[in-house]
Undergrad: 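This is the structure I want to talk about, given as structure tokens.
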Amino acid sequence: MHEKNKVLFLLKIHNLGEIMPMKVIFKIGGSVLTDKTDPKVNVRYDVIDRLAREISQLIAKDYRFVLLHGVGSAGHVPVKQYELYKGFFSEKQLIGYAIAQNRVNRVRQAVLDALEKNGVPGILFLPSSFILADKGRIVKTYHEPMVKIVQTGIIPVLSGDMVADLTMGLSVCSGDQQAFKLAEIFDSKLIIFGVDVDGVYDSDPKKGEANLIKRLTYDEVKNIVKKVGGAAGIDVSGGMKGKLLEALANKRFFDNGGEVWILNATKENMLTKALMKETDEYTRITR
Ligand code: ADP
């Protein structure tokens, strides 16, 4: 090929790449959607509505999302009270499982309502109906129907859940763990965790002076994870530490060029600004 034509050809490929919809696994943290320190189901409707609007505007710009959300105290409180995090060992826990589902459904519905209000076709996919775990880790997913439905343009909405577990009977399956599995299923190279702090700090920013770490490599996460704490309030899935441990458990995602961004989703337009490269005030984890 003539040198000039070759350049034009490459430019075309590059442009094609840019107009292909970008698939983002976006997890809205329980710390964003709810007040995790309140044992009642305390949903922040205004925050959900604003995020749904932002998502709707980004979809209009050709971004495609797989949405995940945390459940905050809606799930964590009954899961703790009925010791469901230890697995299933007593019939007395069953009503606790039902209570947890029913409380979490209120958060799920709030997210779905906000999406609908903003014209986003979000559909709930209940993780416990298609995920199988063993000792708390996802070992099998029955995701074909979801993938087929998502090909129509539907935006899947998933959340933290208690799923069937081969050894424990039942186990907690955090949205953080699901994020990496969904990236694999939907072939996404970008996972964004929206939380209530600006990213990963050198110590818990809610407990005093701390510095934001803007860039981390996979190997650096191994060292930093020792300094990172759990969540504020009631949490059974590990807080910021849980997210970093999930990242470490998914080396292949990074080896394949995947990135994890952790940003403050309580700040207006932060998601948009990060995607548009208008800010670097968040943590970006790369290979
Ligand atoms: P979510 O429920 O939104 O997914 P978590 O509550 O699990 O998020 O995790 C975020 C929380 O982790 C923050 O609110 C923060 O208080 C806590 N945290 C503990 N240590 C750190 C740290 N070193 N850097 C950032 N956040 C930290």
Side-chain angles (χ1 to χ4, degrees), residues 24-39 41-44 47-48 50-51 66-80 85 100 103-104 107-108 110-111 127 136 157-162 172-183 191-216 220-250 260-267 270-271 274 281-285:
V24 183
I25 312 289
F26 179 44
K27 187 204 158 200
I28 311 169
S31 66
V32 176
L33 296 184
T34 67
D35 179 354
K36 278 174 99 164
T37 59
D38 185 347
V41 182
N42 196 338
V43 179
R44 296 192 174 119
V47 177
I48 301 183
R50 183 189 48 74
L51 277 169
V66 171
L67 296 176
L68 260 167
H69 63 85
V71 300
S73 57
H76 297 291
V77 168
V79 165
K80 240 186 173 159
Y85 60 92
R103 280 167 55 110
V104 170
V107 184
R108 294 183 177 122
V111 173
V157 182
L158 302 97
S159 58
D161 204 350
M162 296 253 3
V172 173
C173 189
S174 71
D176 298 344
Q177 184 183 167
Q178 290 173 43
F180 290 89
K181 184 44 91 180
L182 290 166
I191 297 174
I192 303 182
F193 290 114
V195 289
D196 67 343
V197 292
D198 287 356
V200 181
Y201 287 75
D202 52 5
S203 65
D204 189 343
K206 287 192 183 144
K207 290 187 180 150
E209 191 67 22
N211 302 302
L212 178 66
I213 308 167
K214 292 187 184 175
R215 290 297 306 263
L216 278 172
E220 285 166 345
V221 172
K222 287 183 203 156
N223 299 322
I224 200 80
V225 81
K226 296 169 202 148
K227 301 184 191 171
V228 173
I234 312 118
D235 197 301
V236 291
S237 49
M240 187 59 80
K241 195 184 192 103
K243 280 175 231 317
L244 296 183
L245 288 174
E246 268 319 320
L248 287 180
N250 286 279
V260 168
W261 299 358
I262 304 177
L263 53 75
N264 196 332
T266 68
K267 285 190 175 165
M270 195 60 202
L271 172 67
E281 285 300 308
Y282 63 95
T283 300
R284 185 172 161 211
I285 309 174

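Ligands are counted one by one from 1 in listed order, and the atoms in each one are counted from 1 as well.
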Undergrad: Under 4.0 Å from any heavy atom of G199, which atoms of ligand 1 are there?
TA: 24 (N), 25 (C)
Undergrad: Is the shortest heavy-atom distance from the side chain of E220 to the side chain of I213 under 4.5 Å?
TA: no
Undergrad: I'd like to know if the side chain of Q178 and the backbone of S159 have a donor-acceptor N/O pair within less than 3.5 Å.
TA: yes
Undergrad: How long is the straight-line distance from CD1 of I192 back to CG of L68, given to the nearest 0.5 Å?
TA: 12.0 Å
Undergrad: Which of the numbered atoms in ligand 1 are under 4.0 angstrom from any heavy atom belonging to K27?
TA: 4 (O)
Undergrad: Does any N or O of ligand 1 fall below 3.5 Å from an N or O anywhere on G194, backbone included?
TA: no
Undergrad: By number and element, which atoms of ligand 1 are closer than 4.0 Å to a non-hydrogen atom of S31?
TA: 1 (P), 2 (O), 3 (O), 6 (O), 8 (O)
Undergrad: Mind checking side chain to side chain donor-acceptor pair (under 3.5 Å) for T34 and listing every partner two or more places apart, or none if nothing turns up?
TA: none
Undergrad: If you define the side chain from C-beta out and look only at heavy atoms, does anything of L67 sit under 4.5 Å from V111?
TA: no
Undergrad: Looking at D196, which atoms of ligand 1 are within less than 4.0 Å of one of its heavy atoms?
TA: 13 (C), 14 (O)
Undergrad: Classify the contact between D204 and ligand 1 as side chain, backbone, both or neither, using a heavy-atom distance cut-off of under 4.0 Å.
TA: both
Undergrad: Who are the side chain to side chain donor-acceptor pair (under 3.5 Å) partners of R44, not counting sequence neighbours?
TA: none
Undergrad: Which ligand 1 atoms are under 4.0 Å away from a heavy-atom of V195?
TA: 3 (O), 8 (O)
Undergrad: For ligand 1, which atoms have a heavy atom of K206 less than 4.0 angstrom away?
TA: 13 (C), 14 (O), 16 (O)
Undergrad: Do any N or O atoms from the side chain of S73 and from the backbone of D38 form a donor-acceptor pair under 3.5 angstrom?
TA: yes
Undergrad: With heavy atoms of K243 as the reference, note each atom of ligand 1 found under 4.0 Å away.
TA: 1 (P), 4 (O), 7 (O), 8 (O)
Undergrad: N/O to N/O below 3.5 Å, does that happen between K36 and ligand 1?
TA: yes
Undergrad: Would one find an N or O of V32, backbone or side chain, under 3.5 Å from an N or O of ligand 1?
TA: no
Undergrad: Could you tell me, atom by atom, which parts of ligand 1 come under 4.0 Å of a heavy atom of P205?
TA: 21 (C), 22 (C), 24 (N), 25 (C), 26 (N), 27 (C)
Undergrad: Which pair of heavy atoms, one from V32 and one from D196, lies closest together, and at what distance?
TA: CG2-N, 3.9 Å
